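So that the names make sense, note that chain A is the first sequence line, chain B the second, and so on, each numbered from 1. Just so we're clear, the structure is a prediction, and the values are computed from it rather than from any experiment.
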Number of protein chains: 2
Amino acid sequence: MSTRIKTVYRVKAEASTIEARARGISVEQSVEMPLEPIDDPFVINEIIGKVEEIKDLGLGEYEVRCALASITTGYDGGQLINMILGNTSLQDGISLVDAEFPADIVEAFGGPNIGLEGVRARVNAKGALSATALKPQGTPPATLARLAYDIALGGIDYIKDDHGIADQTYCPFEARVPMIAEAVQKAGQKTGIPTQYLPSLNGNLDKMRKQLALARSVGIEGVLIAPMLCGFSTFQTLKKENPDFLFMTHPSMAGGPMAAEFFFGKLMRLLGSDASVFCNYGGRFGYAPERCRQISDWCLQDAPGLKPCVPVPAGGMELKRVPELLDFFGRDVMLLIGGSLLAAKENITKEAEAFCNAVRNR
Amino acid sequence: MSTRIKTVYRVKAEASTIEARARGISVEQSVEMPLEPIDDPFVINEIIGKVEEIKDLGLGEYEVRCALASITTGYDGGQLINMILGNTSLQDGISLVDAEFPADIVEAFGGPNIGLEGVRARVNAKGALSATALKPQGTPPATLARLAYDIALGGIDYIKDDHGIADQTYCPFEARVPMIAEAVQKAGQKTGIPTQYLPSLNGNLDKMRKQLALARSVGIEGVLIAPMLCGFSTFQTLKKENPDFLFMTHPSMAGGPMAAEFFFGKLMRLLGSDASVFCNYGGRFGYAPERCRQISDWCLQDAPGLKPCVPVPAGGMELKRVPELLDFFGRDVMLLIGGSLLAAKENITKEAEAFCNAVRNR
């Protein structure tokens with residue numbers, strides 16, 4: 001008997017149609033055809049999706065719980081998302097809000113390489129973690145390296161490339177990454193804090209492998225990756241091929257018919273995110289505090305076979321919000337400050353230091 | 001001077017906030033930081049996104065036109081989508097509804113390998129084209145091959161794997177594809193119609209390359225690929241590496257903050273879809289007829305440097321709808337019938353023949 005992934009969808013529907021819609025989802029996400037012509041007992045018993053529960057949430061919304069056969073995923077990242085949401089993403093009024101993954105799925109994907117404790121250990125941290133992003137794109141490598149140096153002197157734990165910094169002619173990966181790595185390492189020797197630089201991977205699998213190898217060759221131990229851009233199979237492959245590397249995931253293109261809680265809190269963790277960047281409340285993205293709490297809870301909750309993933313609220317972070325955010329998220333968090341740090345310009349080392357101290361000393 | 005991609009977003013906003021929101025999009029999709037600290041003239045002139053127009057559509061909706069620097073894409077598929085929608089996909093109430101790509105982008109991505117005329121030439125067709133999908137997943141290779149043979153005997157032009165058929169233990173790609181290819185070729189010799197089998201690629205780039213090579217080795221000349229599952233860079237790479245292959249694109253996971261018209265009609269064509277499958281009106285997906293018309297128009301419209309892409313309406317197709325759909329779409333179309341054909345069971349060859357004749361003889 002194949003195990004089942006228990007998926008949970010929120011569906012807008014009339015009371016008179018909800019049973020048919022729920023059945024429609026379970027069929028769409030498995031055999032995708034009318035059931036009558038199917039006579040193979042294996043398909044009937046082991047492949048066809050099942051509706052397990054329909055709950056009326058009121059106001060024309062329903063929660064539909066389905067059970068989808070794990071074997072249909074082939075244990076591949078792309079096929080996993082194909083089976084749990086795929087075509088249903090094209091339906092109006094349906095979103096995927098949760099899923100429980102059985103042990104064979106958890107084992108196959110394996111979750112974070114190093115997880116919360118590993119992410120802390122890399123920078124000798126005990127509590128909350130600090131991070132920032134190098135911006136803006138268009139800046140040449142030497143200037144970015146200088147910026148990274150100035151920020152790292154403030155003692156920040158992690159510095160990532162902005163996700164828009166890819167491999168453009170004006171700032172090639174091969175030119176940029178060794179320079180920034182060296183700058184950050186030099187600053188770390190001064191501060192005693194081994195600040196980690198996470199370059200942003202881009203392009204296809206071949207190119208990302210080369211970028212990872214180059215990063216490794218200059219002493220880098222982690223990267224930024226956007227799974228919705230590169231594809232889940234690409235992320236899955238790189239994570240497995242580099243079990244000592246830290247993978248921070250970026251949310252680009254993750255908007256759509258998948259609840260943010262599930263995507264950032266569960267799916268990224270299952271696939272192997274050590275640190276999952278998501279949109280913070282009170283910033284320029286409109287997430288509610290409860291949504292952010294749920295993402296954080298799901299990143300961190302006990303889950304057999306999966307290390308905890310560091311929740312990384314981001315998007316409109318400011319120094320003055322640090323106490324509030326640590327009150328809200330607790331110490332198992334990485335606070336990512338971006339543009340507002342860069343606004344400090346020539347005072348950036350001081351501003352970074354103030355940010356790091358505010359994060360670390362709580 | 002870098003060329004610019006002209007993107008068009010539809011934005012729900014209050015009149016008092018729309019200017020700030022529009023500016024927010026142009027910043028988010030370029031430098032992603034406050035503009036004040038930026039002093040590099042190259043970044044200011046060549047990188048920062050611009051708002052070109054804001055049009056009030058009424059009822060609290062606005063159309064925002066931005067100009068984003070082409071060079072920020074690095075001419076990579078993943079980075080392209082990162083730059084035109086990426087983080088903005090995470091904002092409520094914004095969707096990407098259109099984009100004009102300048103010549104350097106068109107040249108870099110290159111569009112369909114063989115396009116509408118190539119897709120017709122492969123099967124000696126002159127007008128509308130017929131297609132179907134092998135289902136359900138869970139069926140063993142020999143049974144799928146037999147099904148493919150029976151359908152091909154009816155004279156259908158293209159037979160693709162259902163997009164859920166990947167590389168599962170019960171139906172491995174390596175076992176399935178040669179058997180189905182042989183069955184379809186044998187049927188083609190009987191009918192005189194060189195029915196083409198399009199296996200579904202899955203997994204990472206390494207695996208897809210192997211699958212393509214295997215397909216090629218057994219005389220297959222085209223494949224099905226789901227760009228939102230494998231990532232745009234993966235699709236871009238495979239299309240370029242196999243310039244003689246036909247790529248049919250599948251819509252799985254394409255729901256979300258990108259208008260279907262743009263995704264299926266323009267973006268898939270730019271990236272290289274020879275035949276773009278989308279959700280038909282009147283089926284189990286709720287697309288409106290005008291949306292389908294727009295997709296079809298955009299697949300086919302004159303666009304320098306891009307072959308026309310075959311529009312492939314699908315999802316709830318039935319034999320009896322063929323005349324209506326050919327009236328609606330004209331002859332530059334491929335009609336994809338799925339489950340309702342399979343419901344014919346032992347009469348499937350006859351049913352396929354009826355479908356093909358209805359499509360071909362108009």
Side-chain angles (χ1 to χ4, degrees), chain A residues 24 31-34 36-38 40 42-43 46-47 71-72 74 76 78-79 81-83 85-87 89-92 135-139 162-164 166-170 202-206 226 229-231 233-234 237 251-257 279 284-286 338-339 342-343 345, chain B residues 24 31-34 36-38 40 42-43 46-47 71-72 74 76 78-79 81-83 85-87 89-92 135-139 162-164 166-170 202-206 226 229-231 233-234 237 251-257 279 284-286 338-339 342-343 345:
Chain A
V31 291
E32 206 201 326
M33 64 174 283
E36 299 71 32
I38 301 177
D40 182 337
F42 174 74
V43 177
E46 302 287 343
I47 301 293
I71 46 172
T72 64
D76 168 71
Q79 178 67 2
I81 192 76
N82 193 23
M83 288 294 97
L85 187 55
N87 272 8
S89 83
L90 300 156
Q91 298 275 10
D92 270 345
K135 307 183 184 200
Q137 63 162 310
T139 309
D162 189 25
H163 77 291
D167 188 33
Q168 297 98 340
T169 48
Y170 47 79
N202 63 85
N204 68 16
L205 180 58
D206 296 342
L229 299 183
C230 70
S233 304
T234 306
T237 302
S252 182
M253 277 303 292
C279 309
R284 68 184 188 277
F285 299 92
L342 298 171
K345 298 204 74 169
Chain B
V31 292
E32 206 202 325
M33 64 174 283
E36 297 71 31
I38 301 177
D40 181 337
F42 174 73
V43 177
E46 301 288 343
I47 301 293
I71 45 171
T72 65
D76 167 72
Q79 178 67 1
I81 192 76
N82 192 23
M83 288 295 96
L85 186 56
N87 272 8
S89 84
L90 300 156
Q91 297 275 9
D92 270 345
K135 307 182 183 199
Q137 63 162 310
T139 309
D162 188 27
H163 77 291
D167 189 34
Q168 298 98 341
T169 48
Y170 48 79
N202 63 84
N204 67 17
L205 179 58
D206 297 341
L229 299 183
C230 71
S233 304
T234 306
T237 302
S252 182
M253 278 303 292
C279 308
R284 67 184 191 277
F285 299 91
L342 298 170
K345 297 204 76 170

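Heavy atoms of F285(B) lying under 4.5 Å from chain A belong to its backbone as well as its side chain. Residue L229(B) touches chain A through both its backbone and its side chain, counting heavy-atom pairs closer than 4.5 Å. Residue C230(B) touches chain A through its backbone alone, counting heavy-atom pairs closer than 4.5 Å. Using a 4.5 Å cut-off between heavy atoms, D76(B) touches chain A through its side chain atoms alone. Within the 4.5 angstrom heavy-atom criterion, only side-chain atoms of K345(B), from C-beta onward, approach chain A. Of the atoms belonging to D162(B), it is side-chain heavy atoms, and not backbone ones, that fall under 4.5 Å from chain A. N82(B) touches chain A through backbone and side chain together, each having a heavy atom under 4.5 Å away. For a residue to count as touching a neighbouring chain, one of its non-hydrogen atoms must lie under 4.5 Å from one of that chain's; by this rule Q79(B) touches chain A with the side chain only.
When the candidates E32(A), M83(A), E46(A) are compared by the number of heavy-atom contacts under 4.5 Å with chain B, E32(A) comes out ahead. Of the listed residues G203(A), G256(A), G286(A), the one with more heavy-atom pairs under 4.5 angstrom with chain B than any other is G203(A). In terms of non-hydrogen atom pairs under 4.5 Å with chain B, the most contact-rich of I81(A), N202(A), D40(A), T234(A) is I81(A). Considering only heavy-atom pairs separated by less than 4.5 Å from chain B, the leading option among T169(A), D92(A), L342(A) is L342(A). The greatest number of non-hydrogen atom pairs below 4.5 Å with chain B, out of A226(A), G74(A), P251(A), G24(A), is found for P251(A).
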